[in-house]
Amino acid sequence: MRFASLGSGSKGNATLLETEQSCILIDCGFSIKETERRMARLGRAPSDLTAILVTHEHSDHIKGVLPLARKYKMPVYCSYGTGEHGQLRLSHHWRHLELGTAIDIGGISVMPVAVPHDAREPCQFVFSYRKKTFGLLTDLGSITPFVREHYRNCDALLLECNHDVTMLANGPYPYSLKQRVGGDWGHLNNQQAASLLEDAEVARLQHVVIAHLSEKNNTPALARMAIEPMLVNSDALLSADQEAGFDWLDIA
Ligand SMILES: [Zn+2]
Ligand SMILES: [Zn+2]
């Protein structure tokens, strides 16, 4: 199993996960053209995709989903609430994901984990394939015991480090937006993200990718400073870029 990112941040998110049998796109916050361009960079085309999974209906995650599914004719898996967005739930591409119930997509076990975020029925995903586990966790305002339990035993982790608390407080956002982003239904700050690793099996982590960084309220260096002390192997740590994403990472 291996994974890569087409881009990560408030301007658009999309992650690829593939095995010998299938290639899944998780979220698509980019236009069709942009998705094609970014996938080509990773040696893939949308026609290689088995399915699209959607975490929630914010435009940085869903914008390109239905256009891509229509053009390349593939199923879209998401919760009922997320499917309420646009025409998604009414389209024949939609497949219902029940949060908390694992399903099999092309041999990969996919667990949709409910998270606290200001969307209709948001989730994040834990994927398992041949005893290896990949956790994708962005867009949540706080770490619940349920989240902690599901992300404890990952071999690779893509983890939101949205903001630095001080930078957000002193930054350019209006008060209401600061409240939203920093609140329990907004986004994880660097310390919250680090706290997920407190009781995780960190020795097992081959890759930890810092993701969904705010361009205005965080820096990769600050996020790294928070996460690095939690890890056994600091070489495992890298960050996802809004424009470049990151290249394929193998989970051995
Ligand atoms: Zn987002
Ligand atoms: Zn969101």
Side-chain angles (χ1 to χ4, degrees), residues 3-17 24-31 34-35 38 52-68 76-86 88-89 97 99 112-126 135-144 146-147 151 157-165 167-168 171-174 176-190 192-193 196 209-220 223 239-246:
F3 65 106
S5 167
L6 276 61
S8 174
S10 56
K11 292 182 184 138
N13 296 275
T15 308
L16 282 173
L17 177 69
I24 296 174
L25 183 68
I26 304 118
D27 290 336
C28 188
F30 303 107
S31 66
E34 194 59 25
T35 304
R38 287 169 185 249
I52 309 178
L53 299 178
V54 193
T55 58
H56 65 299
E57 74 277 16
H58 290 158
S59 66
D60 57 321
H61 299 264
I62 209 167
K63 191 171 104 180
V65 169
L66 203 46
L68 200 70
V76 177
Y77 293 80
C78 68
S79 69
Y80 190 95
T82 301
E84 291 280 279
H85 177 84
L88 184 49
R89 197 171 57 75
L97 264 189
L99 304 195
V113 180
V115 292
H117 189 54
D118 51 2
R120 286 195 190 97
E121 195 185 354
C123 69
Q124 294 294 316
F125 296 108
V126 176
L136 185 146
L137 186 63
T138 70
D139 296 74
L140 69 167
S142 51
I143 293 171
T144 62
F146 189 67
V147 167
Y151 288 81
L157 188 59
L158 188 138
L159 177 61
E160 165 162 68
C161 291
N162 178 259
H163 58 279
D164 169 76
V165 172
M167 278 186 78
L168 178 67
Y173 282 9
S176 60
L177 188 54
K178 286 180 182 179
Q179 293 292 106
R180 200 223 117 199
V181 169
D184 282 349
W185 298 81
H187 291 276
L188 290 186
N189 64 49
N190 296 339
Q192 286 174 300
L196 177 80
V209 183
I210 291 165
H212 215 298
L213 257 94
S214 165
E215 287 175 342
K216 297 214 165 65
N217 305 310
N218 208 356
T219 66
S239 54
D241 186 73
Q242 177 69 79
E243 173 50 39
F246 57 84

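We count ligands from 1, going down the list as the structure has it; atoms in each ligand are counted the same way.
Partners of D184 by side chain to side chain contact (heavy atoms under 4.5 Å, CB included), not counting sequence neighbours, listed by chain and number: S142.
With R89 contributing its side chain and G81 its backbone, the two residues share no donor-acceptor pair below 3.5 Å. A donor-acceptor pair under 3.5 Å is absent between the side-chain atoms of N13 and the main chain of G29, judged by distance alone.
At a cut-off of 3.5 Å, with distance as the only test, no side-chain donor of D139 or H58 sits close to an acceptor on the other residue.
Note: L99 CG to Q124 CD = 10.5 Å, rounded to the nearest 0.5 Å. For the atom pair E160 CD and H187 NE2, the distance stands at 5.5 Å (nearest 0.5 Å).
The atom name of the N/O/S atom in H212 closest to the Zn ion (ligand 1) is NE2.
Around the Zn ion (ligand 2), protein atoms of type N, O or S found under 2.8 Å number 4.
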